[in-house]
Every structure is written in C-alpha cells, then in structure tokens.
Amino acid sequence: MSEHLSEQELQRRESLKALRDLGIDPYPAAEFETTHHAAPLLEAFADDEANQEFKAVSLAGRIMTKRIMGKASFADLMDSTGRIQLYLNRDEICPGDDKALYNDVFKKHLDIGDFIGVKGFIFRTRMGEITLQVQELTVLSKSLKPLPVVKKDEEGNVYDAFTDPEQRYRMRYVDLVVNEGVRETFAKRTRILNAMREFFNQYGYLEVETPILQPIPGGAAARPFITHHNALNMPLYLRIANELYLKRLIVGGYEGVYEFSKDFRNEGMDRTHNPEFTVMEIYVAYKDYFWMMDFTEKMLVHVVKAVNNGATKVPFGDKEIDFGQPFKRISMRDAILEHTGFDIDAKSEAELKAACQELGIETDDTMGKGKLIDEIFGEKCEPNYVQPTFITDYPVEMSPLCKRHRENPDYTERFELMINGKELANAYSELNDPIDQRARFEEQLKLSEKGDDEAMFIDQDFLRALEYGMPPTSGMGIGIDRLAMLLTNNASIQEVLFFPQMRPEKKPQLPSKADFEKQGVPANWSEHVLAAYGTVEEFKKQKATQVHQKMNGYRKKNKLDLPALQLEEVQTWNSENN
RNA sequence: GACUCAGUAGCUCAGCUGGUAGAGCAUCUCCCUUUUAAGGAGAGGGUCCAGGGUUCGAGCCCCUGCUGAGUCACCA
C-alpha cells in the first residue's frame, strides 16, 4: 500500500518541491559535460599545480559530506574514481544580490547523496587539501533516501560503517556508494575475467556461447533447476555445466574453445555456494592433462599478476597464497598415503570401507570405491593443501567423463587444483572413446537407480557426437567466484557477487489514506486520521466521541486548514464505532 | 537439515535484577569566509522484527514464526 516515510525522507521531498519552486529541475535531462574525474585530477594537480587546465574544471558526482561555515562551505564530491573536496563561497557563486543559490539551494535543499555538477578551479586550502573552488553549481539528481554516512579519520579508521550483511546484499547499490573497497572488489573480478580471456585469446582459442536451457543437464553431478517451455511443451533444465556442449564443438573442428558460463545448481546455499555461479571451462584438442596442468599454472600466474600489481603472493585471511611457479603435484594415491599411511592402490570396496572405519570416517552402503576414496581424501588430505597443489589421478568411479589413466585403468587422467584447502579447478584428459563413454554413462544410470539423484543422465546426442570422433582433448574448468574470493581476500561468495541470492524481502503492509477512506473517513481528513491512529484496527477500536475529540485536538495542534469536526459527522465515519 | 548468535532512530550501537526508550553520526533551527571524523548552542525523530504468553508492569523472561549471520551436516 503506502510507503511509510521517515522524517528525513519527508524533508527531502520538501527540498525537492522547494527546488522546483525556485525554478530548478531536480532531474534535468541535459548532458552535463565533465572535463575531469576526481582521482586522476588530484594526482595530476599534485604533479603540476601551475598547469592552466586546472583553471577550468568541470566535475559531476554525489555530495558525500557538507561542512557549512556561514558564508563558506566545504563538501566532498564523489565520482566513479574517488572523492574531491569542494569549496563554495557565497559571494563567489552568488555575485549579485540574490544569494538563493548558496543560502537556499546549497545549504538547505541539497543533501548528502544528491548528484551535482560543478565548474571551477583547483587550489590548495590552508590545510593543504587539493580542492575545487566552485563557480557554477548544477543540480543533476535529487536523492530522496538518506545514505548511511560513513566517516574516516586521518589514520584511516572508519566510523559508522554500513555493515549489516543483509542490507548490504539486498541494497548493493547503497553498499557500493558508501563502503570504500566494494566497487574495487568487483572491478577486480572483472579484471580477472579480462586477464583470463586475454590469456586464452593469445593462444587463438575461441570464446563461445552454449545453451543455458538444456533438455538434458549434463557434464556434472548436481541437482538441476527445472523449468518449462510452453511452445515446445517440454521441461528444460538450467545448465549445471557446459562441458558436453564444448566437447561437441571440439568434435566440430575447433582446436580450442572456452566459455565463461553461468551455471545453476539446485542445492544448499552457504558461504561458498550460490545457486547461480560462474565457471570458466576450456577445451583444447591434441592436448593431455599434463599439458593442461602447465597451461593452468601459466594462466593463473598471468591472472594473479594482472590483478595484483605484478605480484604472485596474495594475502588471504591470516595466510598468504603464493602463485609463484611451479605448483606442487601429487597423485591422489600418494596424497592419501602421505596423510594417512594407507595405500588405496588395488584395494577392494570392503578394504576401503574398513580403512575408513579405522580413520574415523563415516560411510554408508550407497558408497562405492570412488566415493570412499573421495571421502578419505576430503577428510584427511584436502584441508592440508593451502598453497596451490595439483592433485592428480582420481579413481575411475568418480570421473565418468575422464579418460582412463594410460598406465593404470583403475585411475583417470584427471587433476584438481587445490588452494586454501579447497578445489579451485578441475581438468581431464577428456574421454573420447564413445564405447567407454557409453559404459560409464550406464554406470551412472545404475547409481541413479540406486537413488543417487545427482548421477548423470545419458546424453545420446553427446554420444553420437563422440562416435563421429573427437580428437584427444584436454579440458579444464575453474570456479570464477572462488577465484575472485581468493584474489580479493573474501571468505564469502556473497562478497564477490553483486546480487547474491536472498529470500524475498517481506515488507509489512502499511495502511494508507485509502484504507481509512474505505471506512468512511472523508478524503480531506484521511491522512490526519492515519497520522493520529496509525492503523485502521486502532481507529476502529475507538468510539466516535473519542475520535471526535482527538481529531479536533489534532486539528488545533497542527493548525489544519479544515473546519472543526462535528460529532454527527464523525459518527458516519465508521458504522462499527458508536 | 541441526545448533549458536543477532534483529532497538536514516546508519553504527548502548539499554543494569523486569519499573517513563538512550548515545554518536545523520536531520532541523541559530552562529561561524580555507574546514576536514569541522566546531558551538538548541530541537525533533521509535510498530524496540512479528504474533502469542507470564506479570500490577516486558526492549529485557517464556513459546511460535520471519529474516540474516556463523558452526556443523549434506552437497562439487
């Protein structure tokens, strides 16, 4: 219904009206031409104060603070690059007798958060701060909601920061405006994507786009989102991976293809999982997973340097991650041997289960060999790999799309890159034997029949593609959100997604004037009855005599320009109260 | 899904053993022509997340629910 407005919001609406009464359009259409941006301007001026260009400067941005001292004022203007201080002198911006622009427009009707354009010259204050002296002021856009005011002192201590995660994520626009560093986090995320893209393009690999709506969600073990296509009258799934489509493109003759892919998984949410997330997958023909390990290493070093001023060491929490080459490489078998003393090689399911029990790892009957080994690794080894480490040669049961190891068919030619005890990237020598692939899919089908709702579907078209022949190929996928977390030192995925998934916001339904009018209150009194009683329920509880007296008292107190109420009148307002 | 914590002014937070709802910033009025977490004087601003219960009396205690965060479990 109607929106409850706080005192400050009402005041800003008053200012909006006052601006219009002064003939100022608070939302003008015209372009405002700027000559500079705040941060580079400060730098350039510090280098060469005498330069003529600083005599005529035009900037646009939001007012972030106002410090009024009678006939002179200071304000901070924030644009996309940073903040610069403004100096406004009444008699400079209002040379004639009419001081309204300063006294009324700037001092009274412009608030923190409003967009303005300013023209003037740059100088240094007595305190040494580089400042724009304003000669012309243009209102560009009025802000009706007060921004949180975050302050910072000389030592960089932040006061009254806007910290509530719920509000920060729901109103990311506010977070971006007032919290220093948030925009930089997302700029860095984009630099990561750009650096990675640049690296792949150097090799001549092709960036492609494949379907997000898929009839069969393949390429990973995960629960998909399901939707429905009306014209085809069939279910469609949101993709959980793009692997199978990219491999079809390798069949089609491209040597290297990659895609930055939004994937969707209908699973739990926590600090490291959002229902939609971004993965980069790349497939390169005639390569194997050894080549891909080298390639991944080089690519990451390139990306890390690009976003980290050329350094390969990245702080993360209380740790430091070093992307300096080469990354440690260890097979899963050796990793488990190293951390548990148990050798998984050639062990039966029963032996593995017994080992799990000895190691204190819970198991259940649905777990096959692959799953048991995965549990041991996840429990005992994974957290130890803080520095970038390639774990290689996973058991065949865990990797239905991966080629068997050239030396031991119980294993696959697969690696995962572990950083900070978590998986960051996953890569294979891709399985291109269509007969073996069909058999592996059938294994998955059996798992599915056992009740595993994440087992892979059989994609007949993909198998057909393989039957036409896929060259030996290596593929790699890397979690972009998790990489962004690592490189921006954030422990939560929500910090690197502009709009993380949240439960819908529930707004309490507030009563409006109209609700009171429905009760029979005339339009000229309804807003006052709303103000006096708040809710229809409260109003309905009262007797007509009480309402009569209270509203006449309200009329007097607020000096309403309305005739005093008669009791008979009030009795008609609400048939239930007499 | 389990457990723990949190929700009070626009923002950040206090609120004692259950006894009239508080501070800083922001806002409003007045003073102030190079200030800077500007300053000085004054003022206004509240559905204490919601709904029940206990009580003479609930922001506080109990129950239920909502939202978020954290830990664990599940899950790539």
Side-chain angles (χ1 to χ4, degrees), chain A residues 4-12 14-15 64-76 83 85-92 102 107-108 111-113 123-131 133 143-171 174-175 178-179 219-223 240-241 263 265-273 275 277 279 362 364 371 374 378 382 398-399 416 422-426 452-454 477 479 482 491-492 494 500 502-511 534-535 537-538:
Chain A
H4 172 74
L5 294 179
S6 70
E7 188 186 31
Q8 290 190 48
E9 288 175 292
L10 292 169
Q11 280 161 357
R12 283 174 180 234
E14 288 297 314
S15 288
M64 295 307 285
T65 71
K66 274 165 85 182
R67 296 183 288 280
I68 295 173
M69 300 180 308
K71 298 183 192 70
S73 292
F74 292 89
D76 285 356
R83 292 185 185 210
Q85 177 168 271
L86 307 180
Y87 174 72
L88 292 93
N89 183 300
R90 187 191 70 185
D91 298 325
E92 295 284 338
Y102 183 77
K107 275 171 68 175
K108 287 204 175 81
D111 295 299
I112 290 172
F123 74 108
R124 238 179 234 278
T125 63
R126 281 177 206 158
M127 302 301 291
E129 180 154 349
I130 300 169
T131 300
Q133 172 148 357
S143 160
L144 296 181
K145 283 190 182 291
L147 286 171
V149 176
V150 179
K151 294 201 170 185
K152 207 168 85 170
D153 68 14
E154 277 173 15
E155 283 98 50
N157 300 314
V158 176
Y159 300 84
D160 302 320
F162 178 60
T163 51
D164 179 6
E166 178 168 4
Q167 293 202 67
R168 288 184 50 231
Y169 303 150
R170 286 196 197 280
M171 298 190 287
V174 176
D175 188 34
V178 304
N179 285 333
R223 236 167 298 164
I240 55 174
D263 290 353
R265 297 188 184 177
N266 204 344
E267 293 169 352
M269 288 165 59
D270 61 29
R271 222 168 71 238
T272 56
H273 296 84
F277 58 101
V279 171
E362 284 181 36
D364 64 60
K371 188 76 189 164
D374 190 36
E382 204 171 66
M398 293 168 60
S399 315
E416 286 194 353
K422 298 199 180 66
E423 173 209 337
L424 184 71
N426 182 20
D452 183 346
D453 57 358
E454 293 190 340
R482 296 200 182 161
S492 162
Q494 292 155 310
M502 306 282 278
R503 279 208 160 74
E505 202 174 352
K506 270 189 206 156
K507 270 202 171 164
Q509 289 268 321
L510 289 164
T535 66
E537 289 69 33
E538 196 58 35

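So you know, we letter chains A, B, ... as the sequences are listed, proteins then strands, and number each from 1. Only this structure's heavy atoms are used, side chains among them; waters, hydrogens and symmetry mates stay out.
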Mind listing the N/O atom pairs, protein and nucleotides 40-43 of chain B, below 3.5 Å?
none

Where do N or O atoms of nucleotides 12-14 of chain B meet protein N or O atoms at under 3.5 Å, pair by pair?
residue	atom	partner	partner atom	Å
B:U12	OP1	A:Asp164	N	3.4

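Ion pairing of A:Lys66 with A:Asp76 is absent here, as no side-chain N (NZ or NE/NH1/NH2) approaches a carboxylate O to less than 4.0 Å.
Partners of A:Thr163 according to the side-chain hydrogen bond (donor to acceptor under 3.5 Å, both in side chains) rule, which considers only residues two or more places apart in sequence or in another chain, do not exist here. Judged as a side-chain hydrogen bond (donor to acceptor under 3.5 Å, both in side chains), and not counting sequence neighbours, the contacts of A:Lys152 are A:Glu180. With sequence neighbours excluded, no residue satisfies side-chain hydrogen bond (donor to acceptor under 3.5 Å, both in side chains) with A:Arg90.
With both ends at atom P, the span from B:C28 to B:G45 equals 15 Å, rounded to whole Å.
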Summarise protein proximity over nucleotides 1-8 of chain B in one line of letters, 5' to 3': B for base, S for sugar-phosphate only, - for none, counting protein heavy atoms closer than 4.0 Å. --------
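A:Gly70 and A:Tyr102 get closest at one heavy-atom pair: O-OH, 2.8 Å.
Considering only heavy atoms from C-beta on, A:Val149 stays 4.5 Å or farther from A:Met64 through its side chain.
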Under the salt bridge (charged side-chain N to carboxylate O under 4.0 Å, His left out) rule, what do A:Glu9 and A:Lys145 come out as? Steps first, then yes or no, please. CA-CA 6 Å; A:Glu9 288 175 292; A:Lys145 283 190 182 291; 2.6 Å; yes
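Straight-line distance from the OH atom of A:Tyr159 to the C1' atom of B:A37: 6 Å, rounded to whole Å.
When the nucleotides B:G45, B:U71, B:A38 are ranked by their closest atom to the side chain of A:Arg271, B:U71 comes out on top.
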